[in-house]
Enquirer: 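My structure is below; once you've seen it, I'll send some questions.
No hydrogens, no waters, no symmetry mates; every other heavy atom, side chains included, goes into these values.
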Amino acid sequence: MNSYSGGLEPISGNSHNGATQLFFAPSLPLRGHISHYTVQLRNACELPSARPLTIIPDASGCLVFTVSHGRVKPVFWGPNSETHQVTRDFNTITLRLLVEFLPGGAFGLFGRLPLHELQNSQCLLDAIDPALDRLFRSVVERHYAAWPVLLQAVDDVLVRRLGAVAEKPLLRQVLSHASPLNGNIRLNTLTGMTSYSARHINRLCQERIGVSWKSFVRILRINEACRRIRHGVVDLRTLACDLDFHDQAHFSKDFKALCGVTPSDYQRDLPHFYAEETKLCMNLPDRYAR
């Protein structure tokens with residue numbers, strides 16, 4: 001069943017090699033926390049690949065529910081500042097639902113746990129919060145046969161869980177200055193814009209986003225570079241200039257440090273990489289502004 005008649009808004013989003021993936025906006029109360037939901041359906045026609053897919057870091061978190069052979073596996077992927085690899089298994093799973101958080105959006109999911117403690121981790125939900133694991137397992141086990149119902153049920157749980165999280169005005173202010181085209185903005189400059197100390201801002205980024213301000217801005221810039229390359233930009237020297245790198249050598253060094261390959265290698269090997277385009281838009285606080 002691939003049709004959807006639920007209350008969440010379908011959106012266009014990423015696709016990869018024709019895999020059966022559907023994308024939905026979260027309900028209004030969650031749009032400061034969640035970029036989108038991804039529903040992956042079994043595709044028996046997809047051939048297995050011996051080579052995994054490399055995921056480009058996006059400094060966000062992701063809650064993943066995989067259903068296979070009637071068993072549910074909930075996993076939380078912490079904010080990532082380095083690449084990780086995933087198996088292409090659309091031909092074997094029954095269903096997978098991904099809750100794709102915005103940067104800082106997962107804070108509060110596990111109480112006051114700082115997100116930097118989960119950076120670059122892939123943890124079974126039971127190991128972080130057994131009560132939340134039991135709640136989500138019961139929801140997924142009850143509804144996975146009808147994924148539109150499951151999608152709405154998961155959204156409802158997250159509204160109750162995250163809806164009471166107090167917003168930090170400073171975080172929104174910090175994110176408003178975070179742009180791929182603002183790549184050279186230094187922490188000291190940001191303190192002048194916000195009237196908060198560099199130490200306070202960095203502590204806030206570590207706690208609520210999961211990475212330092214410097215790492216976050218670099219991730220934004222490199223993701224923008226990946227997006228432009230995927231959309232046909234071939235002149236890497238011009239791209240480096242457009243994104244305010246000192247020169248192409250600096251661009252290539254930063255790109256390789258984050259992605260593990262040079263920009264030219266990324267260009268040649270695009271089908272084996274995946275980067276989120278919808279999480280890291282130019283104006284993060286206005287991701288769903290109407």
Enquirer: Okay, side chain of His33, backbone of Gly105: is any donor-acceptor separation there less than 3.5 Å?
Expert: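 Confirmed, His33 side chain pairs with Gly105 backbone.
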Enquirer: Taking all non-hydrogen atoms of both residues, which atom of Ser121 and which atom of Leu118 are closest, and how far apart?
Expert: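 Scanning both residues completely, I find the closest heavy atoms to be OG-O, 2.5 Å.
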Enquirer: Any side-chain heavy atom of Val174 sitting closer than 4.5 Å to one from Cys205?
Expert: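 In contact.
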Enquirer: Applying side-chain hydrogen bond (donor to acceptor under 3.5 Å, both in side chains), name anything that partners Thr194, two or more places apart in sequence or on another chain.
Expert: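 side-chain hydrogen bond (donor to acceptor under 3.5 Å, both in side chains) check on Thr194 returns nothing, list empty.
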Enquirer: So is Arg96 actually on top of Phe65's ring, under 6.0 Å and inside 45° of the axis?
Expert: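 No; the conditions do not both hold, so Arg96 does not lie above the ring face of Phe65.
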Enquirer: Between Glu100 and Phe23, does the side chain to side chain contact (heavy atoms under 4.5 Å, CB included) criterion hold? Intermediate values first, please.
Expert: CA-CA 10 Å; Glu100 297 281 6; Phe23 303 88; over 6 Å; no
Enquirer: Which is it for Gln119 and Ser81 under the side-chain hydrogen bond (donor to acceptor under 3.5 Å, both in side chains) test, yes or no, and what are the steps along the way?
Expert: CA-CA 7 Å; Gln119 184 186 148; Ser81 59; 2.7 Å; yes
Enquirer: So which heavy atom on Leu102 is nearest to which on Ile34, and how close?
Expert: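 Between these two residues, the closest heavy atoms are CG-C, 3.8 Å.
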Enquirer: Evaluate salt bridge (Lys or Arg N to Asp or Glu O under 4.0 Å) for Glu9 paired with Arg31, printing each intermediate quantity in order.
Expert: CA-CA 12 Å; Glu9 176 187 351; Arg31 292 188 178 183; 3.3 Å; yes
Enquirer: Are the side chains of Leu115 and Phe101 in contact, using a 4.5 Å heavy-atom criterion?
Expert: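 No; the side chains remain at least 4.5 Å from each other.
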Enquirer: Which value, rounded to the nearest 0.5 Å, describes the distance between Leu28 atom CG and Asp155 atom CG?
Expert: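 CG of Asp155 is found 9.5 Å from CG of Leu28.
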Enquirer: Show the nearest heavy-atom pair for residues Ser27 and Leu8, with the distance to one decimal.
Expert: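 It is N-CD2, 3.7 Å.
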Enquirer: Test side chain to side chain contact (heavy atoms under 4.5 Å, CB included) on Thr66 and Leu97; report intermediate values, then the result.
Expert: CA-CA 7 Å; Thr66 301; Leu97 171 60; over 6 Å; no
Enquirer: Using only heavy-atom distances, determine whether the side chains of Asn188 and Thr191 contain a donor-acceptor pair under 3.5 Å.
Expert: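 Checked: Asn188/Thr191 side chains show no N/O donor-acceptor pair below 3.5 Å.
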Enquirer: Does the side chain of Leu63 come within less than 4.5 Å of Leu125's, by heavy atoms?
Expert: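 In contact.
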Enquirer: Apply the test side chain to side chain contact (heavy atoms under 4.5 Å, CB included) to residues Leu171 and Ile209: give CA-CA distance (whole Å), side-chain angles for both, the deciding distance (0.1 Å), then the verdict.
Expert: CA-CA 9 Å; Leu171 182 63; Ile209 299 175; 4.0 Å; yes
Enquirer: Examine distances only and state if a side-chain atom of Asp58 and a backbone atom of Ala275 form a donor-acceptor pair shorter than 3.5 Å.
Expert: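 Not confirmed, Asp58 side chain does not pair with Ala275 backbone.
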Enquirer: Sub-3.5 Å donor-acceptor pair from the side chain of Ser252 to the main-chain atoms of Gln248, do we have one?
Expert: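 Pair found, side chain donor or acceptor close to backbone of Gln248.
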Enquirer: Please report the interatomic distance CD(Gln267) to CD1(Ile229), rounded to the nearest 0.5 Å.
Expert: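 Taking CD in Gln267 and CD1 in Ile229, the distance rounds to 5.0 Å.
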Enquirer: In Å and rounded to the nearest 0.5 Å, what is the CD1 to CG distance from Ile222 to Leu243?
Expert: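 The CD1 atom of Ile222 sits 8.0 Å away from the CG atom of Leu243.
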Enquirer: Any non-hydrogen side-chain atom of Leu158 less than 4.5 Å from a side-chain atom of Pro26?
Expert: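 Of all side-chain heavy-atom pairs linking Pro26 with Leu158, none is under 4.5 Å.
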Enquirer: Please indicate whether Phe110 has more than 12 foreign heavy atoms, meaning atoms of other residues, nucleotides or ligands, lying under 6.0 Å from its CZ.
Expert: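 Buried by this count: over 12 neighbours within 6.0 Å.
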Enquirer: Can you find a heavy atom in the side chain of Glu82 that is under 4.5 Å from one in the side chain of Leu258?
Expert: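 Answer no - side chains too far apart.
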Enquirer: Phe136 versus Val157: any side-chain heavy-atom pair under 4.5 Å?
Expert: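 Of all side-chain heavy-atom pairs linking Val157 with Phe136, at least one is under 4.5 Å.
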Enquirer: Please report the closest heavy-atom contact between Met193 and Gln173, naming both atoms and the distance.
Expert: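 Heavy atoms of Met193 and Gln173 come nearest at O-NE2, 3.3 Å.
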Enquirer: Is the backbone N or O of Leu22 less than 3.5 Å from a side-chain atom of Gln40, with the two atoms forming a donor-acceptor pair by type?
Expert: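 Checking the backbone N and O of Leu22 against the side chain of Gln40, no donor-acceptor pair under 3.5 Å is found.
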Enquirer: Calculate, to the nearest 0.5 Å, the distance between atoms NE2 and CD1 belonging to His84 and Ile56 respectively.
Expert: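 His84 atom NE2 to Ile56 atom CD1 measures 9.5 Å (nearest 0.5 Å).
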Enquirer: Can the ring centroids of Phe255 and Tyr266 be said to lie less than 6.0 angstrom from one another?
Expert: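 Here the rings of Tyr266 and Phe255 have centres that are less than 6.0 Å from each other.
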Enquirer: For the atom pair CG (Leu270) and CG (Asp265), what is the distance rounded to the nearest 0.5 Å?
Expert: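 Interatomic distance, Leu270 CG to Asp265 CG, rounded to 0.5 Å: 11.0 Å.
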Enquirer: Please confirm whether Trp147 and Phe24 have ring centers closer than 6.0 angstrom.
Expert: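 Centroid distance Trp147-Phe24: below 6.0 Å, so yes.
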Enquirer: Tell me if a side-chain donor or acceptor on Asp247 pairs with a main-chain N or O of His250 at a distance below 3.5 Å.
Expert: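 A pair under 3.5 Å: yes.
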Enquirer: NE2 of His69: more than 12 outside heavy atoms within 6.0 angstrom?
Expert: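 Atom NE2 in His69 is not packed in, count stays at 12 or less.
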Enquirer: Can you tell if the side chain of Val86 reaches within under 4.5 Å of the side chain of Trp77, non-hydrogen atoms only?
Expert: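 In contact.
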Enquirer: Report yes if the side chains of Phe76 and Cys62 come closer than 4.5 Å at any heavy-atom pair, otherwise no.
Expert: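 A side-chain contact is absent here, since even the closest heavy-atom pair is not under 4.5 Å.
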Enquirer: Looking at Asp129, is its backbone amide N or carbonyl O close enough to the side chain of Asp133 to form a donor-acceptor pair, meaning the two atoms are under 3.5 Å apart?
Expert: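 Not confirmed, Asp133 side chain does not pair with Asp129 backbone.
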Enquirer: Could you go through the salt bridge (Lys or Arg N to Asp or Glu O under 4.0 Å) check for Glu207 and Arg203 one step at a time?
Expert: CA-CA 6 Å; Glu207 176 189 72; Arg203 186 168 62 245; over 6 Å; no
Enquirer: What heavy-atom pair brings Asp126 and Pro130 nearest, and what distance separates the two atoms?
Expert: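 Heavy-atom minimum between the residues: O-CG, 3.3 Å.
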Enquirer: May I ask you to decide whether Arg51 forms a salt bridge with Asp269, counting only side-chain N to carboxylate O separations under 4.0 Å?
Expert: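 Salt bridge present between Arg51 and Asp269.
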Enquirer: Determine yes or no for a side-chain-to-main-chain donor-acceptor pair under 3.5 angstrom, with Asn202 supplying the side chain and Trp213 the backbone.
Expert: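 Yes; judged by distance alone, with no hydrogens or angles, the pair exists.
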Enquirer: If every non-hydrogen atom of Val211 is compared with every non-hydrogen atom of Ala59, which pair is closest and at what distance?
Expert: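 Smallest interatomic distance, heavy atoms only, reads CG2-CB, 4.1 Å.
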Enquirer: With distance as the sole test, does Arg221 use its side chain to make a donor-acceptor pair with the main-chain N or O of Asp244 at under 3.5 Å?
Expert: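 Side chain of Arg221 to backbone of Asp244, a donor-acceptor pair under 3.5 Å: yes, one is there.
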Enquirer: Take Gln21 and Val39, measure what side chain to side chain contact (heavy atoms under 4.5 Å, CB included) needs, and give me the verdict at the end.
Expert: CA-CA 6 Å; Gln21 300 192 89; Val39 178; over 6 Å; no
Enquirer: For the CZ atom of Arg230 and the SG atom of Cys226, what is their distance to the nearest 0.5 Å?
Expert: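 That separation rounds to 6.0 Å.
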